[in-house]
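These numbers come from the heavy atoms of this one structure, side chains and all, not from hydrogens, waters or symmetry mates. Throughout, numbering of the chain's residues begins at 1 and tracks the sequence.
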Amino acid sequence: MKTIVIGCDNAAVGLKNILVEHMRSQGITVEDMGCDSAEDKTYYPLIAKRVCERIIESGYTKEGVLVCGTGIGMAMTSNKFKGIRAAVCHDIYSAERAKLSNNGNVICMGERVIGSELAKKILDEWLRLTFADGSSTPKVQAIIDIENANLK
């Protein structure tokens, strides 16, 4: 079973907690990197950094879920880390394509954008999929090549 590293900023503690409970109820191992309350003022880039570093330390065997107000800042920050391919997904089709077309290893969502039931369905879709070699493989390799040239 997968290990998921999850984090949020203070704008998304409620949704993060719902997603943690949802994944644990399915037997998924979850590592919660915070934040834990609406009073915690830790900036979202620092939470994304914690999650991405944990994924990298695992040799990319773990995947990540990041939640903030919109998911956008979390995705922007995450994509600054070598080997991380993060996507904002607020619908099931985007979650599917993030995994199958882009080998995404971090999904980002916004509590202010979607409700918890939709977030659980999107997450379930993303979790059930596995990237397989195929027509998208050379495209993902192009992403990796660009990353290697630009992230030293």
Worksheet, complete the sentence: On a heavy-atom basis, the closest approach of A48 and S78 is CB-OG, 3.9 Å

Worksheet, complete the sentence: Here the salt bridge (charged side-chain N to carboxylate O under 4.0 Å, His left out) pairs for residues 95-104, sequence neighbours left out, are E63-K99

Fill in: Validation row: Q26, D124 side chains within 4.5 angstrom (heavy atoms)
yes

Worksheet item: What pair of heavy atoms forms the shortest contact from N102 to R85, and how long is it?
Response: O-NE, 3.2 Å

Response to the item:
So CG of N10 and SG of C35: to nearest 0.5 Å the spacing works out to 5.5 Å

Worksheet entry | R24 atom CZ, over 12 foreign heavy atoms within 6.0 Å | yes

Practice prompt. For the residue pair D40 and S37, confirm or rule out a side-chain donor-acceptor distance under 3.5 Å.
Written response: no

Worksheet entry | The single option from L19, V65, V20, T29 passing side-chain contact (heavy atoms from CB on, under 4.5 Å) against I4 | V65

Worksheet item: Got more than 12 heavy atoms from elsewhere within 6.0 Å of NZ, K121?
Response: no

Worksheet entry | Spacing of CG belonging to N17 relative to OG belonging to S116, to within rounding of 0.5 Å | 11.5 Å

Fill in: Set of side-chain hydrogen bond (donor to acceptor under 3.5 Å, both in side chains) partners for D32, sequence neighbours left out
K16

Practice prompt. Linking directly or through intermediates, with side-chain heavy atoms under 4.5 Å: list the remaining ILVMFWY members grouped with M33, chain and number order.
Written response: V5, Y44, I47, V51, I55, I56, Y60, L66, M74, F81, I84, V106

Item to complete: Could you give me the CA-CA distance, side-chain angles and deciding distance for E53 and K49, then say whether salt bridge (Lys or Arg N to Asp or Glu O under 4.0 Å) is met?
Response: CA-CA 6 Å; E53 286 177 343; K49 180 179 186 285; 2.8 Å; yes

Worksheet item: Do N79 and E147 have side-chain N/O donor and acceptor atoms under 3.5 Å apart?
Response: no

Worksheet item: So, D145 versus Q141: side-chain donor-acceptor pair below 3.5 Å or not?
Response: yes

Worksheet item: Taking C-beta and beyond as the side chain, do H22 and I28 meet within less than 4.5 Å on heavy atoms?
Response: no

Fill in: Pairwise distance CD1(I146) to CG(L151) - rounded to 0.5 angstrom
11.0 Å

